[in-house]
Structures are given as C-alpha cells and as structure tokens.
There are 2 protein chains.
Amino acid sequence: MPTPHYGQPRYRVIADELKHRIESGAIPPGALLPTESALGAEFRASRGTIRQAIAVLRDACLVATEHGRGTYANALSHERGLDKRAAPETRQRQVAADPELAALFGVEIGTTLIERESVTRWNGAVGNVIRVYRLPEIR
Amino acid sequence: MPTPHYGQPRYRVIADELKHRIESGAIPPGALLPTESALGAEFRASRGTIRQAIAVLRDACLVATEHGRGTYANALSHERGLDKRAAPETRQRQVAADPELAALFGVEIGTTLIERESVTRWNGAVGNVIRVYRLPEIR
DNA sequence: AGAAATTTGTCCGTATGTATC
DNA sequence: AGATACATACGGACAAATTTC
C-alpha cells in the first residue's frame, strides 16, 4: 500500500480513535495503552505512525509516555513510582478562566480550567514556560 | 553506521546547533532555513532526523514551517502572504512576568516576557489553549 | 493555464540503542 | 540475564502545497 492520506492522515485518525477510547473510559485513567507494536497490529500501521499518533495525544496532555514502561492514559500526575524523584518540570492545577480563555472555550468567566505548566530547558537554562489550558474532564 | 546516541541524541545536537545559528543571527529572523535535504547532507543525517531536530525548534517557537515552502527562523508573524486570510489561531504579545514566571526565568516580577498563544482543535472544537512564555530576544 | 521542479508531509520496513520489568 | 517496550536512526517511496518556468 502506498501512502494515501486523502482527507485526514492516518496518524490523526488513529489519534482520534484513541482519544475516544480514553474519554469514553474504555481506557481508564492511569491505565496503560496497548504497546506501540500492538496498536500497530490493530490499526495495520507501522510503529512510526503509531508513535506519531501518540505524540498528538501527548501534546494534548491526554497521555504520558515513559521509556521502557509504556504510555499511560490521563496520567494526571502518574502516581506510579513517586517514591523516586518526583516529576520536576511539570505541574498541574486548577485555575479560573480569564476572559480570553473563557471566550475561546465558550464558557463563563471564572469557570475552572486545568492548567498544566511545563518547562523546556536548553542546557540547563530555562528556555520556555508552556502553559496548556483545557476543560476539566467531564466523565 | 548503527544508531549510537550516547549522551545526547543526534537530533538534539543538531537542534542545538541550529538554535545557535538563529540566535547568533547567522540565520536572520524571517529567513528560510536550508531545506531538510540540505541540512541532512550537511549534518550527514537522514531527513527524518533533521525533521525531528526542526520539531524541537518548532516546539520552542524558534521556527515556523510551511508546507511546500520551508522553515522560517523566528517567524514571529511571518509577514509573507498576509494578504491571504491570516491565521487567527496564534497570537503574540508582551506580558508582565507574574511571580511564578519571574522565578522560573530568574528575572524581576513585572519584567516583560513574550507570550505566544495558540489553539488546538479537535474536529473544530477548541481542545487546548497553549501559552508559551519566553524571554524577549536580546540581540 | 499548465507542467515541471522544489520542498515539506506522511508512511513503511528495518535495525539498533536504552530503560524497565 | 533475559524479555519487553519505548527511543533513535536510516533509507525509500509517494502525497500535497508552493513556486517557477
């Protein structure tokens, strides 16, 4: 098969499907997603494409991946081995929607949103601070 | 050559080098980076690895890529074909550092920072709002 | 207008490195 | 130590957007 991606590319379709499974609870919060190889077999896609799909979910803060372990769904603060050194560079909290965020999300000003803050570094020094806002998971 | 990435992976080393060129002005703001193939030839890396390096820069808001055109350095608001419909999904402005940002960046509270806001969508609906903060370019 | 060239986007298959179990 | 799983890297192929002729 060549590479037909009329309309949506496959990695995006796969990301969408996985997103549904997570939000519907088919993959409960904190659970491990199937391995990349397993997902590749299920969707008949190469591992690279699966990784691309997972990267989309990661950017949207829907999953968190750990080397050698797997990818967790909705790992809001992966309460796994937190006896180890805690996650240093990323925090999460609830905030009230400012007027601009409220307009974007289409909610009332003051509505509680989830803010996830992370820090990128360049050789130690802080490069960017990234704040991702999203609506609280309903479920 | 196999895949040795002792210490830092190659895509990160390449991203670092490109970052230096941009910040030093060797690649001036708004200029096009060399093509992915050209960079691959220069760094003796595959196109995939180059693309990974560029993705790092894109996440740090150091470059912006356009399909069929190329990757622009520091394209703060790529003043190219802006007669077309401007992309309203990403904005940039100056803000005063709140206490938390000030602490992270190691500056005084109230110092002006650059905030770039972008919006991700899932089938039209707003998914996340992302705000990236960084220090103003010195130069 | 249309065709060709250029450049980024997507996808595959494979191989090897590294972290975890 | 071995098995499992994610990370990095290569090379090739084709799709899609843009520019150039």
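Sequence lines set the chain letters: A, B, ... in the order given, protein chains first and strands last, and positions in each chain run from 1. No hydrogens, no waters, no symmetry mates; every other heavy atom, side chains included, goes into these values.
- Spacing between atom CD1 of A:Ile54 and atom P of D:dT8 amounts to 14 Å, rounded to whole angstrom units.
- Here B:Arg44 lies in heavy-atom contact (under 4.0 Å) with sugar-phosphate atoms only.
- Among C:dT10, D:dC6, C:dT8, the nucleotide with an atom closest to any side-chain atom of A:Thr35 is D:dC6.
- Under 4.0 angstrom from either OP1 or OP2 of C:dG9 there lies at least one side-chain N or O belonging to B:Arg51.
- The residue A:Gly48 sits apart from the nucleic acid: no heavy atom pair falls under 4.0 Å.
- C:dT6 atom C1' lies 16 Å from atom CG of B:Leu33, rounded to whole Å.
- Between the CD atom of A:Glu36 and the P atom of C:dG17 there is a distance of 18 Å, given to the nearest Å.
- Side-chain proximity of B:Ser46 to the nucleotides D:dT8, D:dC10, C:dT20 is greatest for D:dC10.
- In this structure, A:Arg69 atom CZ and D:dA7 atom P are separated by 12 Å, rounded to whole Å.
- At a cut-off of 3.5 angstrom, the base of C:dT18 holds at least one donor-acceptor pair with the side chain of A:His67.
- Contact annotation: A:Thr49 reaches the phosphate of C:dC12 (side-chain N/O to OP1 or OP2, under 4.0 Å).
- Residues A:Tyr11 and A:Gly68 each lie close to DNA chain C; by heavy-atom proximity, the contact nearer the 5' end of the strand is made by A:Tyr11.
- Residue B:Val63 is grouped with residue B:Ile27 when hydrophobic side chains (ILVMFWY) are merged at heavy-atom distances under 4.5 angstrom, including chains of intermediate members.
- Counting only heavy atoms from C-beta on, A:Pro9 has its side chain closest to C:dC11 among C:dC11, D:dA7, C:dT8.
- Residues A:Glu42 and A:Arg21 are paired through a salt bridge, judged by an N-O separation under 4.0 Å between the basic side chain and the carboxylate.
- In this structure, A:Pro34 and B:Arg47 both approach DNA chain D, and ranking their closest nucleotides by distance from the 5' end singles out A:Pro34.
- With rounding to whole Å, B:Gln8 atom CD is found 11 Å from D:dT8 atom P.
- No donor-acceptor contact under 3.5 angstrom links the side chains of A:Ser37 and A:Arg47, judged on distance only.
- For the pair B:Arg131 and A:Tyr133, the distance from NZ or CZ to the six-membered ring centre is under 6.0 Å and the angle to the ring normal is within 45 degrees.
- In this model, the phosphate group of C:dC12 is approached by a side-chain N or O of A:Arg10 to a distance below 4.0 Å at OP1 or OP2.
- At a threshold of 4.0 Å, the pair B:Glu100-A:Arg91 counts as salt-bridged, since one of the basic side-chain nitrogens sits closer than that to a carboxylate oxygen.
- Here the P atom of nucleotide C:dC11 and the CZ atom of A:Arg12 are 10 Å apart, to the nearest Å.
- Between B:Ile50 atom CD1 and C:dG9 atom C1' the separation is 16 Å, expressed in whole Å.
- A:Glu66 places its CD atom 10 Å from the C1' atom of C:dT20, with the value rounded to the nearest Å.
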